[in-house]
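Read the structure below first, then the notes.
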Amino acid sequence: TTFAKERRMTFLFFFSKWKKANMRLLHVILLLFLSLFRGNHGSSAALDICAFLGEEERKSLYEDGDVVIGGLFPLHYSPVSSPLTYNVKPTPNTYNYARALRWMQTMTFAIKEINGRTDILPRLKLGFHIRDSCDDIPVSLKASFLLANGQPEGSKGNASQDEAAGLGCEAVNRTVSPVIIGDAGSGVSMALLRSLGSFHIPLVSYFASCSCLSNQREFPTFMRTMPSDAFQIKALAQLVRYFGWTWVGVIGVESDYARFAIQLFLQESVRYGVCAAYTHFYPVGPSHEHIEKLLNVIQVCYVSCSYYILPDILREMQRQNLTGFQWIASEAWATSKLLWENSASLLKGTLGFAIQRAAVIPGLQQHLAALTPSAIHRIAFLAEFWEETFDCRLNGSANAHNHGLGSQQSRTPCKGTEALHDVYSPYSDVTQLRVSYNVYKAVYLVAYALQDMSNCKAGEGPFVRNTCADPKNFKPWQLLHYMKVANFSALGEEVNFDHNGDPIAYYDLMNWQTGPDGSLDLVKVGFYDASLPAGSSLSHLSECLNFASQALRSVCSSSCPPGSRIARRKGEPVCCYDCVPCAEGEFSNTTDSLDCSRCSGDTWPNRARDLCIPKTMEYLSYHEFMGVLLCAASVLGAAVSLAIIVIFYTYKDTALVRANNMELSFLLLVFLTICFLVGLLFLGKPSEWLCRIRYPAFGISFALCLSCLLAKTVVVLMAFRSRLPGSPVMKWFGAKQQRASVLLGTAVQVIICFIWLLTSPPHANHNTDYHSSTIIVECVTGSDVGFWLVLGYIGVLACMCLVLAFLARKLPDNFNEAKFITFSILIFFAVWVTFIPVYMSTVGKYIVAVHVFAILASALGLLLCIFVPKCYIIVLKPEKNSKKFLMQR
């Protein structure tokens, strides 16, 4: 290519085509052969021809300067792409794009503003060379080559094509562009980079957002003032998650860019638990059948496409009366007011991230409004805009496009009184300076890079041998070096670029609301700042949000409440799941918990299983009903025993009391009182000391009672066996011997308990084996052998008492005490024989209740059978309480 007059370019085209199996496959092979070599003046004319192939392309905006910045803007586009047959010339793009005209004018304004400043590039004049890319790759490629090569003089004016083809390189009069600002589309930008990248010509895009362009290995000459889609996608994923929209539909135009963007969105959304109900791609210019397939039942829809494709979809939705959709717009159409005019009811409540807006660019509005018919009639782009806006024909207009129904010549001449402030046009609308602001920053990026180049000191440069570049005669790659490291301020904002040539991402979250007059009111309801820490990038969401439906929900499965966990459905997206209650002993205290956590050993989940609470401590308390009854029974039994002691002491001189071995009777009553009170030791919360006292006290107290009974029985038996006066039998078993027998019978139990306490004493235990939600506080025996030895020894004493009492049951006496001892021991056996199986099959506080009941029942049986008949005689039948009555038999 000719960056200087010494370089030449040759285009070779090869075409071939053939048929096979009724299918026509047309291959087009474009071979761009670049012949770069140094030529000398006076060389062969055949080798010194700069040939301009193809039709003349006069439509451009040019102003000369020391450095001419190239510009590509989609001033026209085709809403329907016709397939290429390569038999006829493709239909030209005929639909104008008014916003892009404002972008173009912003570039010219920024360059003129820089030229008017003295603090930046004071000795360098910037120029511009702007062409229409038509948002079309072939057109963009052609325009970019014209920018990079200049154009032969013969292509201007009225020179014929043959004349133009024969002109030498000296005829190239336009300064080549070492840098190009453009294009708007990511796909077009990629095509340009693959063609211009070999020549290291920098390309600065103001609207290409594909994250694929951040690949510096593939696109090393690319920079942009538009944030990468990677940031927008993160923002969109966080947004839908913020509102709980985990089940979204994703649609996009059938293109590499849309597929790449949607793929990134799907990958990012998975991190936030957002799933795609479906992903649908439709062709450019979708047919009715394509739109029918597209309009499925959706509530939340993320749309990644060019904004001018949406009207077809919206029109069909209106025809089918489909409403209530929640649209989430990509930055491509997040602020496009033209869509609102015909689809306000459908788009109300739309949310979308818009690129950063400049509140005002000083002087831009006046620059845009400074169009006059006399100044623009020779500039095709501006003349076309004027004629389309006012539907008139400028005198001597350079415009050849006609977008109306009639011919261009059928329009009435313009009067010259038309004014832009009388009509609304996206061209003059400066309320949403977003892409325009990006264009403005792109121009200043080049300017500040040139300024840094101008400030380079000889011998301190960044290039080979520390050389500097000449700002008026430099290579494109030298300018690219300074652009990569540029940092500057534009309208008070610091502009920085990362190592990929991407700016720091900042988006405004826009909400489409209806204004008082029915017009679109773009309300900023939040922002996304990629420079903020993760988790706080999306912030300051306003409460003034309007949605398509206030009760909007978009989920595959409702959230799992605390107390349950998510169970994934096999073969379905992660957003589709079942809610499974937490298992026993587990809890979850968050919504949509993936797992339930197990409670600690001393806690248990509540009924909702969303909180661990202390486990219920179960023991036989004094405060519960059963504890109160047993406590009352124990106290009552002890009181009755004490009352009988009082009665016996009061009537100690009577015949009945004296005849029943008064000393042993008093001891037995005292020990029975202790037995009743021992039952109280089994009530209340067990502790170590209480457990060590409880079982020995029980065993020793009953051993005392039964030893007394055994002594009484032996006394009765011996008394009636030795009828002769002066018999020595009673001397062998007198008062001392009776007391000794009681102590001896009890001593064995004391020894058993002592050994038990020394080897493996009873202790308190927290038992969770029977009830997971309850801690049974119990006294465990420590040694089962010790417990059963204590109980067994009591049984041995009871058996001995029963045998002796049975032998003495028929002894002659009006009040034979042996009979009552027999009955009491039988009751004792009945109670404790019943106790054993019940004790073995009961747990918790009920086993304690059974134990206490057995103690009280057996003690009460002894008390009632032995002493109540005597009290009856003493208190109610005093006439029988005499020696005469007792000796009648």
Pairwise distance [atom1]([X]) to [atom2]([Y]) - rounded to 0.5 angstrom:
X	Y	atom1	atom2	result
Phe73	Ile181	CZ	CD1	6.5 Å
Trp386	Cys414	CH2	SG	8.0 Å
Leu75	Glu384	CG	CD	8.5 Å
Ser186	Met226	OG	CE	8.0 Å
Ser214	Asp498	OG	CG	7.0 Å
Gln232	Ser209	CD	OG	6.0 Å

Return the minimal non-hydrogen interatomic distance between [X] and [Y], and the atom names on each side.
X	Y	answer
Ile355	Pro227	CG2-CD, 4.1 Å
Leu520	Trp340	N-NE1, 3.2 Å
Ala486	Leu445	CB-CD1, 3.6 Å
Ala276	Val250	CB-CG2, 4.3 Å
Phe231	Ala530	CD2-CB, 3.6 Å
Ala329	Thr350	CB-CG2, 4.1 Å

Ala354: which residues meet the side chain to side chain contact (heavy atoms under 4.5 Å, CB included) condition with it, sequence neighbours left out?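 By the side chain to side chain contact (heavy atoms under 4.5 Å, CB included) rule, Ala354 matches Ala334, Thr335, Arg434, Met510.
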
Heavy-atom side-chain proximity of [X] to [Y] below 4.5 angstrom:
X	Y	result
Cys392	Arg411	no
Met107	Ile69	yes
Leu532	Phe527	yes
Glu63	Thr108	no
Leu213	Ser228	no
Ser60	His129	yes
Leu203	Phe219	no
Leu371	Phe385	yes

Let me see the working for Tyr206 and Leu72 under side chain to side chain contact (heavy atoms under 4.5 Å, CB included), right down to the final yes or no. CA-CA 10 Å; Tyr206 47 85; Leu72 290 175; 5.6 Å; no

Tell me, with the steps shown, if Glu493 and Tyr437 meet side chain to side chain donor-acceptor pair (under 3.5 Å). CA-CA 11 Å; Glu493 178 205 351; Tyr437 185 38; 2.4 Å; yes

For the residue pair Tyr448 and Phe488, does the interplanar ring angle fall in the parallel (under 30°), tilted (30 to 60°) or perpendicular (over 60°) class?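 Answer is parallel, since the angle falls under 30°.
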
Please check this pair: side chain of [X] against backbone of [Y], looking for a donor-acceptor N/O pair closer than 3.5 Å.
X	Y	answer
Asp517	Ser519	yes
Glu331	Phe353	no
Gln432	Arg357	no
Arg131	Leu147	no
Tyr427	Leu368	yes
Ser205	Phe207	yes
Gln451	Leu121	yes
Thr225	Asn438	yes
Asn115	Leu126	yes
Glu418	Gly416	yes

Can you confirm whether more than 12 heavy atoms, excluding those of Glu268, are under 6.0 Å from its CD atom? yes

Worked check of side chain to side chain contact (heavy atoms under 4.5 Å, CB included) between Leu420 and Ser425: CA-CA 8 Å; Leu420 288 176; Ser425 170; 5.8 Å; no

Side chain to side chain contact (heavy atoms under 4.5 Å, CB included), that's the test. Do Phe381 and Lys59 meet it? Break it down for me. CA-CA 7 Å; Phe381 302 144; Lys59 295 179 182 178; 3.8 Å; yes

Could you go step by step and tell me if Leu192 and Ile180 meet the side chain to side chain contact (heavy atoms under 4.5 Å, CB included) rule? CA-CA 10 Å; Leu192 295 178; Ile180 297 175; 5.8 Å; no

For Thr221, which of Leu193, Ile201, Leu196 qualifies under side chain to side chain contact (heavy atoms under 4.5 Å, CB included)? Leu193

Kindly determine whether Lys441 and Gln356 satisfy side chain to side chain donor-acceptor pair (under 3.5 Å), including the steps that lead there. CA-CA 12 Å; Lys441 289 187 288 187; Gln356 188 174 11; 4.6 Å; no

Any chance you could lay out the side chain to side chain donor-acceptor pair (under 3.5 Å) test for Gln238 and Ser537, step after step, and finish with the verdict? CA-CA 9 Å; Gln238 291 183 34; Ser537 303; 4.9 Å; no

Criterion ring-ring contact (aromatic ring centres under 6.0 Å, His included) on Tyr440 and Tyr444, from CA distance to verdict: CA-CA 6 Å; Tyr440 185 81; Tyr444 268 88; 4.9 Å; yes

